[in-house]
Every structure is written in C-alpha cells, then in structure tokens.
Amino acid sequence: METKVERVSGRACVLRGDDIDTDRIIPARYLRCVTFDGLGEYAFEDDRKQAKGDHPLDAERFHGARILVVGRNFGCGSSREHAPQALMRRGFDAFVAPRSRRSSSETAPRSGCRA
C-alpha cells in the first residue's frame with residue numbers, strides 16, 4: 001500500500017540523474033553491518049568521492065536538508081532496507097521523485113522515511 005503524503009516542508013537537496021540504484025545509495029560493502037547506526041555517513045559514498053567535494057550532499061547550502069529531490073527510477077536495483085535506512089540516518093525524512101522503484105517506496109515508510 002502506498003503512503004499518501006499531503007505536505008512536506010523543509011530544506012531540500014536536489015540530486016540530479018535518473019536510475020540511481022541502491023548500490024549508489026549505499027555501497028554493497030556496507031551491507032554487512034549488524035545495525036544501521038552510522039550508516040548515513042556512507043550514503044552515496046562512492047559518488048561523493050568521485051565528485052571530489054562537488055556532490056550535492058557535500059554542498060554547504062544543502063546541509064540540514066530533510067528532503068531529497070531525485071530523478072526517475074530512484075532506488076532501482078536490488079531491494080535492500082539499507083538504502084532507505086542510510087538516507088534516513090543521513091537526515092532525510094522524505095524523498096520526492098517522479099517515479100521510484102516500488103520496493104523502495106514500500107520499504108522507505110517502514111524505515112521511517114516517506115516516499
């Protein structure tokens with residue numbers, strides 16, 4: 001069942017690009033964690049390293065953002081609860097996308113993040 005969100009407010013971070021899969025959200029090497037504590041630190045880690053400080057999550061203007069605005073097919077790839085957990089622990093309460101993978105939109109609310 002989809003969660004209907006009527007209103008979301010707060011600072012937003014825009015993450016450009018379509019087809020961002022769960023491996024980009026949280027690299028597979030972090031799937032061995034016993035708890036999700038501290039997982040937010042590693043959200044988009046490989047993308048951020050490749051961008052060398054020019055990634056939206058590293059931009060000062062987006063610090064404290066609670067909403068992640070993403071492109072089409074966000075959360076595609078393998079289904080894993082680690083992806084929404086990493087986003088939530090990074091500080092995001094919701095993400096806004098034109099279309100997301102069904103499993104991500106189902107897993108996110110169970111994790112506390114609104115899709």
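Computed over heavy atoms, backbone and side chain alike; hydrogens, waters and symmetry mates excluded. Throughout, numbering of the chain's residues begins at 1 and tracks the sequence.
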Salt bridge (Lys or Arg N to Asp or Glu O under 4.0 Å) contacts touching residues 9-18 (sequence neighbours left out): D18-R72
Applying side-chain contact (heavy atoms from CB on, under 4.5 Å), can you list everything that pairs with Y30, at least two apart in sequence or on another chain? I26, P27, L39, Y42, E45
Taking C-beta and beyond as the side chain, do D21 and F74 meet within less than 4.5 Å on heavy atoms? no
Taking every heavy atom of R89 against every heavy atom of F36, the minimum-distance pair comes out as CD-O, 2.8 Å
Partner residues of R24 under the side chain to side chain donor-acceptor pair (under 3.5 Å) criterion, sequence neighbours left out: D47
Quick one: closest heavy-atom pair of R80 and S78, and the distance? NH2-OG, 2.9 Å
When rounded to the nearest 0.5 Å, the distance separating CZ of R66 from OG of S9 is 11.0 Å
Roughly how far, to the nearest 0.5 Å, is CG of D19 from SG of C76? 5.0 Å
Do F92 and P84 have side-chain heavy atoms sitting under 4.5 Å apart? no
May I have the step-by-step check of side chain to side chain contact (heavy atoms under 4.5 Å, CB included) for V69 and F95, ending in yes or no? CA-CA 6 Å; V69 179; F95 65 89; over 6 Å; no
Here the pair of heavy atoms bringing L87 nearest to F44 is CD2-CE1, 3.7 Å
D46: salt bridge (charged side-chain N to carboxylate O under 4.0 Å, His left out) partners, not counting sequence neighbours: R29
What donor-acceptor contacts under 3.5 angstrom involve side-chain atoms of residues 50-61, with partners at least two apart or in another chain?
{"from": "H55", "atom 1": "ND1", "to": "L57", "atom 2": "N", "distance (Å)": "3.1"}
{"from": "D58", "atom 1": "OD1", "to": "R48", "atom 2": "NE", "distance (Å)": "3.0"}
{"from": "D58", "atom 1": "OD1", "to": "R48", "atom 2": "NH2", "distance (Å)": "3.0"}

Mind listing the closest non-hydrogen atom pair of V70 and L68 along with its distance? CG1-CG, 3.6 Å
To the nearest 0.5 Å, what is the distance between CG on L15 and CD1 on I20? 4.0 Å
Which atom of A28 lies closest to which atom of D23, heavy atoms considered: CB-OD1, 4.2 Å
Quick one: closest heavy-atom pair of T22 and A83, and the distance? CG2-CB, 4.0 Å
